[in-house]
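Worth saying up front: this structure is predicted, and the values here are computed from it rather than measured. We count ligands from 1, going down the list as the structure has it; atoms in each ligand are counted the same way. Heavy atoms only: backbone and side chains are in, while hydrogens, waters and symmetry mates are out.
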Amino acid sequence: MIVQISDLHVTSDGHAVCGVVPTNAMAKRAVGAILRLAPRPDLVLVSGDLTEHGEPEEYAALANLLSPLPMPVYAVPGNHDRREAMRSAFGNAGFLAAQGPLNFTIDAGPLRIVGLDSLVEGKSHGVLLPETLDHLDRSLTGAPDRPALVMLHHPPFVCGIAHMDKIRLLDGAEELGRILSGHRQVKRLITGHVHRPVLFTFAGIPCQIAPSVAHQVALELTLDGPASFTLEPPSMLIHRFDEAHGLTTHMAYVDSAPGPYRF
Ligand SMILES: [Fe+2]
């Protein structure tokens, strides 16, 4: 079982982002929610925007917040992250290369998980560099019979929220689709960035945007709306795989609700 959390936007001092989003406290609540899951997840994926400004002090705060998790944590950068600070922060985990984009490939049980770096430092939109696309192609070619999950921060499709669509994956999406089309073992493409759950079929593969464990982008499906967010309940995704039934993705709220009650 895999938990995906996204868009934590952790700060160095725990202040409320935009005056109303206590992102560090919310990340702590998400960690508590993961610890309450039964069975215990095998690993945690973080689909970008781990920090608010990509500063080393923020990654230190993040490490402290994630430290209660007993399972491995794998992450790709979002537009709010910074490559070298994140590489340093996750250096001891051993899944990131010493230089270049923060791509990774791991095998977890029967699954291959490929993380792709779509960060353009200082910009909000995403790009997949040729070496990142090559990393994906090689990772999938190397294990054609292993079901795969591919994660990046920026969605490669238009979701209908205008201000987020302007900063989606703007370069490399077509090539991403071409590569995915050639590797039918990919079961899911998973992203963050939009701060709300959205499902799309991309290159024939279900592509799921994760909600944020902090603030949510307002559901304003307009052609040219303002950037706005809400404090709708934070949530996360749980990906469950078994050989007989394939990959199922659940959305789970961070905060517990009354129940369960027996039918
Ligand atoms: Fe974000």
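Taking the N/O/S atoms of Asp7 in turn, the shortest distance to the Fe ion (ligand 1) belongs to OD2. Counting just the N/O/S atoms of Asp49, the one with the shortest distance to the Fe ion (ligand 1) is named OD2.
Coordination check, His193 versus the Fe ion (ligand 1): failed, since every N/O/S atom of the residue sits at 2.8 Å or beyond. Note on His9: counted as a metal contact of the Fe ion (ligand 1), an N/O/S atom lying under 2.8 Å.
Taking 4.5 Å as the limit, some side-chain heavy atom of Val3 sits within range of a side-chain heavy atom of Met236.
Nearest heavy-atom pair, Leu128 versus Asp117, reported as atom, atom and distance to 0.1 Å: CD2-O, 3.9 Å. Here the shortest heavy-atom pairing between Thr249 and His239 reads OG1-ND1, 2.9 Å.
Around CD of Glu57, the count of heavy atoms belonging to other residues, nucleotides or ligands within 6.0 Å exceeds 12.
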